[in-house]
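For ligands, and for the atoms within them, numbers begin at 1 and follow the listed sequence.
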Amino acid sequence: MEKICVAVRVRPPICHENSSSTFWRVDDNQISLHKLHGSPISGVSYTFDHVFDENCSNSDIYELLTKDIIHAAVDGFNGTAFAYGQTSSGKTFTMNGSSNDPGIIHRAVNDIFQKINMISDREFLIRVSYMEIYNEEINDLFAVENQKLQIHENLERGIFVAGLREEIVNNAEQVMKLLESGEVNRHFGETNMNAQSSRSHTIFRVVIESKGKDTGSFGDYSSSDAIRVSVLNLVDLAGSERIAKTGTGGVRLKEGKYINKSLMVLGNVINKLSDSAKRRAHIPYRDSKLTRILQPALGGNAKTSIICTVAPEEIHIEETKGTLLFASRAKRVTNCAQVNEVLTDAALLKRQKLEIEELRWKLQGSHAEVLEQEILKLRNDMLKYELEREKLEMELEKERRSHKERDQYIRDQLMMIENLSSLVSDGDGSSSQGSMKESPIEECHNRGDDFKTPCFKTAPKAFVAKRSNYSQLPDFSSLPDSFSDVADEDTWFKINKGYIADLDSLQTTPARKVQSFPPEDVTPNYLNKKYKKELQNLKRRLELVTEEKNELQRKLAEDIEVKDKLKGDISKLKQEALLAREMPQRLCDSVTSFKDTYEEVLSKMQVKMHYVSLIQLFISNLYQNINLLVAILSKQRYTFDGKSSTAKLLRCISEIGSILFSTMETSISNTTDRHKLSSGNDSLIQEYNKMLSEKLKSTITSLILSETASSEDKQTKTSCSCYFEVVASSRYHVSILVLFFVMILGYFVPFFRTLIF
Ligand code: ADP
Ligand code: MG
């Protein structure tokens, strides 16, 4: 149990009065009223936790009064700080501050984010909402369309305002922007006391959810991973001015009444709470929306501080005394604050845990701000869907209830018709009897006993029987909602299940009966006619009601259609959200696959670069050797001695070929060693190499043999011109060359194919 922390702040005087005879003096944590010359006025001295004089700043107030509450809220305690006082005493200045001296709200928001950034072992989810209570109606300051919101209470969420927009935020700047936009929607009015007096109570609410980071890995839940949920209310109350003083009228007067009413209830609640626990009776939290919302902060599970602002001017002396009285009562109120740990799905953090973890996991290692924004947007979307669903559920419930009522009404009407029909048929029967018997009414009348007790037995028997039957029906008519002394016709109808009592038939006093109706009219025929007429009337009404019912049913069908459509839209939106949520994963996948492909391409490129250099080497070798060959050929042409020149030449080519292939082999083996090419490709190339080398060698050997043989033959022959021998020999050379190049080409084609594929 701890007491509410109460402080008083005296604002600087706005105008200096010349004729004042008293002044408020502040000493440490005491405020007292003194006469102008210094002597204190007895009985007007109060002590509080803190008393701030006119020189104090918002920063002092925050440090001494609110900071602890804000820090406790981050640790899981509910917290409330509110400013109470008359108009123009400085409540809004304390809560909102100025550009030079930011108020409590601004400082609290900054502090919350600073603190949670310092806590590394817990993760936080912060939601904010901003509402005003204007003329006892709750309006959403973040969404102007959300008006006249209702307060609900359940075990999971405690007391909450249904349909109030909450925004998930992750930095102080974001909150400030939201507050600015909300401030525009606030109700202000001009009174004599303050040019821009706030005419509503505003509640800025921060919900802080947090969870230890070490409980389980991603996607692994256990029932023990409790989530701390704390609610922080920062309240700027409207002024408790006296109507005469503010000079209000019309709309302002109405506002003033509501403001005074809710502040009066707040005072009552504080009064009751400040009584000793034994004498505490019923606490009237439900008498105003303000006290209902602040219920946990007043004598409940919250750490609370109240800053009571007072004006020092002598004209405000009564209001100041009132405020100080309120403050001293509030000082006696005790609260019982404890850390709120939630194990159910009520904690948004728990519901969103999977998604947050998933997204955070995706964000690991990359500082993609775009993705962070995306996460925030998705979280807010989810919150909106939930609120939308809540609203739709409420509407549906309302619709169901009204439908039930309509059905009940129609059933009642049908029963009335049924009753009347049976009455009429009974009436017909009695009329036939009436011709033989004297009418019971007449019977009574004819006795001439004008002062006897009412003759109740004259009521139709059928009616009595029917009534007893009705009493057995399960849906026996309920009492009408509003039942005053005088029942109107409809109410009477409802009570009697359609039976319209003919008061005269009860014959309360014969004298009255005689006076009201001539005796000849009171016959069964007359009654019959009357009933028939009533039956007709009722039938007409039934038709109307049936029409109305049909119309309502049609409307209901339309409503259901609209609702189905809305549900469809919501599921579509959910799907879109799901898709959007998958986006970061897809992006990550694409980036990873792109990276893999890139690496693969890079490695291939490197290998290919080696091949290219290899080919270059090969070509340069080839070029050199061709040059050598051409030089040898040209030399042979001029130093031709007609004897085994071709053999020499071919030997030369054979040597060149073997040099060429050995170079190739060395280069390829170097490349494969360095880059670890796949063994399949190596062996293929090596095989080609060997095969070609052998082929070339065998061809060249066979050519050498044939050439040697032909030269030996030529020597045995008689004469032959040198010129023709040179030409023949040159043809051989050319053919060998062509053969050589074809083989080289034959090597190149598969070699290139291996490179490319
Ligand atoms: P309330 O919200 O109680 O009606 P305001 O906060 O609007 O009153 O204050 C009325 C005026 O007094 C404003 O112009 C405000 O700037 C000024 N004021 C109030 N308190 C202080 C203070 N402590 N220091 C300086 N100016 C103040
Ligand atoms: Mg104000």
Side-chain angles (χ1 to χ4, degrees), residues 6-17 24 26 31 48 50-66 81-107 130-135 139 141 179-180 182-204 233-243 245-248 252 255-256 258-260 262-263 266-267 290 305-313 315-324 326-327:
V6 182
V8 168
R9 180 184 200 180
V10 184
R11 87 152 148 70
I14 290 175
C15 56
H16 286 278
E17 301 156 306
W24 290 99
V26 175
I31 180 166
F48 299 103
H50 306 279
V51 178
F52 301 96
D53 64 14
E54 53 203 50
N55 300 317
C56 82
S57 65
N58 284 334
S59 151
D60 301 332
I61 305 235
Y62 181 76
E63 287 296 322
L64 286 167
L65 197 68
T66 339
F82 62 89
Y84 178 97
Q86 69 172 106
T87 298
S88 90
S89 58
K91 298 181 297 297
T92 306
F93 184 83
T94 307
M95 297 311 288
N96 293 0
S98 61
S99 51
N100 303 331
D101 189 11
I104 284 174
I105 294 180
H106 194 108
R107 289 171 195 274
Y130 198 22
M131 68 189 115
E132 72 166 359
I133 305 174
Y134 177 70
N135 290 354
N139 301 328
L141 290 177
L179 274 170
E180 260 171 42
E183 210 59 32
V184 178
N185 301 327
R186 214 176 147 174
H187 280 90
F188 288 104
E190 194 174 327
T191 66
N192 289 351
M193 298 178 74
N194 193 343
Q196 227 203 16
S197 165
S198 28
R199 312 301 296 155
S200 60
H201 311 295
T202 57
I203 303 174
F204 174 63
N233 292 309
L234 300 174
V235 190
D236 178 14
L237 296 174
S240 55
E241 68 274 2
R242 282 183 300 162
I243 291 157
K245 210 168 180 182
T246 44
T248 53
R252 294 281 101 82
E255 285 171 353
Y258 278 114
I259 293 165
N260 281 344
S262 53
L263 289 174
L266 177 67
L290 176 72
S305 73
I306 303 178
I307 173 92
C308 293
T309 52
V310 293
E313 292 87 5
I315 42 158
H316 299 311
I317 202 156
E318 287 310 314
E319 272 76 16
T320 303
K321 279 184 187 170
T323 303
L324 294 174
F326 173 88

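When the heavy-atom distances from atom 1 (P) of ligand 1 to Ala83, Ser88, Gly103 are ranked, the shortest goes to Ser88. Among Lys91, Arg9, Glu54, the residue whose heavy atom sits closest to atom 23 (N) of ligand 1 is Arg9. Nearest-heavy-atom check against atom 9 (O) of ligand 1 across Gly97, Gly90, Ser98 picks out Gly90.
Thr87 lies apart from the Mg ion (ligand 2) in this respect, since none of its N, O or S atoms is found at a distance under 2.8 Å.
Residue Arg9 is tested with Val51, Asn58, Asp60, Ile31 for a side-chain contact (heavy atoms from CB on, under 4.5 Å); the sole match is Asn58. The only option from Thr309, Val26, Thr94, Leu64 that meets the side-chain contact (heavy atoms from CB on, under 4.5 Å) definition with Phe52 turns out to be Leu64.
Heavy atoms of Thr309 stay at 4.0 angstrom or farther from ligand 1.
The shortest N or O to N or O distance between Pro12 and ligand 1 is not under 3.5 Å. Where the criterion is an N or O separation shorter than 3.5 Å, residue side chain and backbone included, Ser89 meets it with respect to ligand 1. Polar contact with ligand 1: absent for Asp236 (N/O pair, distance under 3.5 Å).
Listed for the Arg11 side chain is a donor-acceptor partner under 3.5 Å among the backbone atoms of Ser88.
Near Gln86, with a cut-off below 4.0 Å to any heavy atom, the atoms of ligand 1 are 3 (O). Residue Arg11 approaches ligand 1 through these ligand atoms, each under 4.0 Å from one of its heavy atoms: 19 (C), 20 (N).
Remark: Ile104 CD1 to Ile61 CD1 distance equals 6.5 Å, nearest 0.5 Å. Between the NZ atom in Lys91 and the CD atom in Gln86 there is a gap of 7.5 Å [rounded to 0.5 Å].
Closest heavy-atom contact between Phe326 and Cys308: CD2-SG, 4.2 Å.
Residues passing the side chain to side chain donor-acceptor pair (under 3.5 Å) test with Asp53, sequence neighbours excluded: none.
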